[in-house]
Amino acid sequence: MKQYLDLCQRIVDEGVWVENKRTGTKCLTVINADLEYDVANNKFPLITTRKSFYKAAIAELLGYLRGYDSAAQFRDIGCMTWNANANENKAWLENPHRRGEDDMGRVYGVQGRSWQRPDGSHLDQLKKVIDNLSKGIDDRGEIVTFYNPGEFELGCLRPCMHTHTFSLLGDTLYLTSYQRSCDVPLGLNFNQIQCFVLLALVAQITGHKPGKAYHKIANAHIYENQLELMRDVQLKREPFASPELKINPNIKSLEDIESWVTKDDFEVVGYQCHDAIKYPFSV
Ligand SMILES: Nc1nc(=O)c2c([nH]1)NC[C@@H]1CN(c3ccc(C(=O)N[C@@H](CCC(=O)O)C(=O)O)cc3)CN21
Ligand SMILES: O=c1ccn([C@H]2C[C@H](O)[C@@H](COP(=O)(O)O)O2)c(=O)[nH]1
């Protein structure tokens, strides 16, 4: 929690205003943030200075791991976060590749599970990584990347947390995740949870101990219309201790994640938090 608050404070103190053409809302911005999460000791990095809707963040991650491409699929598993980008952004609504209501296009999980090769066949990046890690193999390229510049125009948004590298040291699994652009009040609340859960879950299904998750952010920002709430409300609150995360131990494979796992297979124990804060969302 301290590293999150330090980043928020750093943006307030040292941030530079940057215009943003896509949303029309300028952002107070810093470059480079390095966060880390102690998955080994189950210190779940949940924001405590406001109520975090962590189940939606976990559902969003499950949707990515399943390769979802529609906001309707995300809604069905308890995550509303893609409604606006799929249905309200002018540039995407006018894009001839958009296949109607709720279509997100070739974003995130589509790239992770079904990267198109030049010959038209598809590569399942996630399955390759899980298969290798399950056999104790780390080929120094256990990478799942959603970042496919050749297909940006086929999706509603370029992926933000776009690349996940898994590493094995003995029987301990590590994760390094890269994020190009981070909405610190809204997105980071979700992204911290997702880094932690991704490592915990992949360690569980591949039979390793989880170590640390390293989260590297290039552009970290607070939108102009979020600044007052962050500076004058959230940053004035005292944080509580981190809660723990319990994952259903019956989750044993990628097939389980694809077929029956839901957000309710994840339970947070000991979550004490301040009141919710509703931050504005820029589409
Ligand atoms: N401007 C912007 N910021 C983002 O963080 C973001 C995007 N766009 N577009 C793609 C995804 C969607 N994300 C989102 C979208 C909405 C919430 C949100 O409204 N969160 C609320 C409550 C969520 C709930 O009730 O389930 C929150 O208070 O955290 C969070 C992340 C993260 N990403
Ligand atoms: O997981 C996510 C997804 C998105 N965001 C934020 C970061 C930016 O504020 C917007 C994306 O805008 P771009 O113009 O494409 O950079 O969404 C996030 O923080 N986390």
Side-chain angles (χ1 to χ4, degrees), residues 4 7-8 11 15 18-31 33 35 45-65 68-71 74-92 102 104-105 107-109 111-112 146-147 149 152-153 155-164 177-198 215-227 229-230 233-234 263 271 273-283:
Y4 179 82
L7 175 58
C8 296
I11 298 175
V18 179
E19 298 292 335
N20 181 249
K21 204 162 151 238
R22 193 183 65 76
T23 60
T25 307
K26 64 179 178 178
C27 294
L28 199 53
T29 304
V30 298
I31 301 302
L35 305 176
L46 211 47
I47 304 300
T48 60
T49 48
R50 74 177 179 102
K51 185 171 182 190
S52 173
F53 297 91
Y54 60 88
K55 291 249 175 177
I58 294 173
E60 190 180 64
L61 176 68
L62 292 176
Y64 295 156
L65 299 180
Y68 284 179
D69 65 359
S70 154
F74 281 88
R75 277 199 303 282
D76 285 348
I77 60 169
C79 174
M80 313 296 266
T81 53
W82 284 95
N83 295 347
N85 285 110
N87 297 315
E88 290 170 29
N89 180 272
K90 189 163 172 286
W92 179 237
D102 288 322
M104 294 160 57
V107 293
Y108 286 91
Q111 302 295 349
F146 306 138
Y147 211 70
F152 282 164
E153 67 276 18
C156 66
L157 195 75
R158 294 164 301 165
C160 290
M161 196 161 71
H162 56 78
T163 298
H164 300 282
S177 299
Y178 304 87
Q179 184 160 358
R180 65 170 177 85
S181 172
C182 182
D183 175 343
V184 171
L186 273 179
L188 188 50
N189 171 36
F190 274 41
N191 298 135
Q192 297 199 122
I193 295 168
Q194 291 165 345
C195 284
F196 185 101
V197 172
L198 183 60
H215 185 184
K216 305 194 174 284
I217 300 169
N219 179 308
H221 49 264
I222 297 176
Y223 286 91
E224 188 180 19
N225 54 8
Q226 299 169 326
L227 182 60
L229 278 172
M230 176 55 80
V233 182
Q234 190 168 358
K263 60 185 173 27
Y271 183 39
C273 66
H274 290 268
D275 290 344
I277 298 176
K278 206 165 170 37
Y279 280 107
F281 177 81
S282 295
V283 186

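The structure displayed is predicted, hence computed values, not measured ones. As the structure lists them, so they are numbered: ligands from 1, and atoms in each ligand from 1.
Atom 15 (O) of ligand 2 has as its closest protein heavy atom Arg180 NH2, 2.8 Å. For atom 14 (O) of ligand 2, the closest non-hydrogen atom of the protein is Arg22 NE, 2.7 Å. Shortest contact from atom 8 (N) of ligand 1 to any protein heavy atom: Phe281 CE1, 3.2 Å. Regarding atom 19 (O) of ligand 2, its nearest protein heavy-atom neighbour is Asp183 N, 2.8 Å. Looking at atom 20 (N) of ligand 2, its nearest protein heavy atom turns out to be Asn191 OD1, 2.8 Å. Protein heavy atom closest to atom 19 (O) of ligand 1, with residue, atom name and distance, is Leu186 CD2, 4.2 Å. The closest protein non-hydrogen atom to atom 27 (C) of ligand 1 is Arg50 NH1, 3.5 Å. Looking from atom 25 (O) of ligand 1 to the surrounding protein, the closest heavy atom is Phe53 CG, 3.7 Å. Protein heavy atom at the shortest distance from atom 4 (C) of ligand 1 is Asp183 OD2, 3.7 Å. Looking at atom 4 (C) of ligand 2, its nearest protein heavy atom turns out to be Cys160 SG, 3.1 Å.
Residue Ser181 holds the heavy atom nearest to atom 8 (C) of ligand 2 of all those in Pro185, Cys182, Ser181, Ser282. For atom 9 (N) of ligand 1, the nearest non-hydrogen atom from the set Ile277, Thr81, Asn85 belongs to Asn85.
Not close to ligand 2: Glu60, with no non-hydrogen atom less than 4.0 angstrom away. At least one heavy atom of Trp82 sits closer than 4.0 Å to an atom of ligand 1. At a 4.0 Å cut-off, at least one heavy atom of Tyr108 sits close enough to ligand 2 to count as contact.
Residue Gln194 places no N or O, backbone or side chain, under 3.5 Å from any N or O of ligand 2.
Remark: ligand 1 atoms within the under-4.0 Å shell around heavy atoms of Ala56 are 26 (O). Within ligand 2, counting atoms from 1 as listed, the ones closer than 4.0 Å to a heavy atom of Tyr223 are 8 (C), 9 (O), 10 (C). Set against the non-hydrogen atoms of Ser282, the atoms of ligand 1 under 4.0 Å away are 1 (N), 2 (C), 8 (N). Close contacts between ligand 1 and Gly187 involve ligand atoms 5 (O) [criterion: under 4.0 Å to a heavy atom]. Close contacts of ligand 1 with Asn189, meaning ligand atoms under 4.0 Å from a residue heavy atom, involve 29 (O). Interface atoms of ligand 1 facing Leu157, defined by a heavy-atom separation under 4.0 Å, are 9 (N), 10 (C).
At a 4.0 Å heavy-atom cut-off, ligand 2 does not touch Asn219 at all. Here Met161 has no heavy atoms under 4.0 Å from ligand 2, in either its backbone or its side chain.
Closest approach of Gly105 and Trp92 over heavy atoms only: N-CZ2, 3.8 Å.
Taking the six-membered ring where tryptophan is involved, the planes of Tyr64 and Tyr108 are essentially parallel, since the angle between them stays under 30° and well short of 60°.
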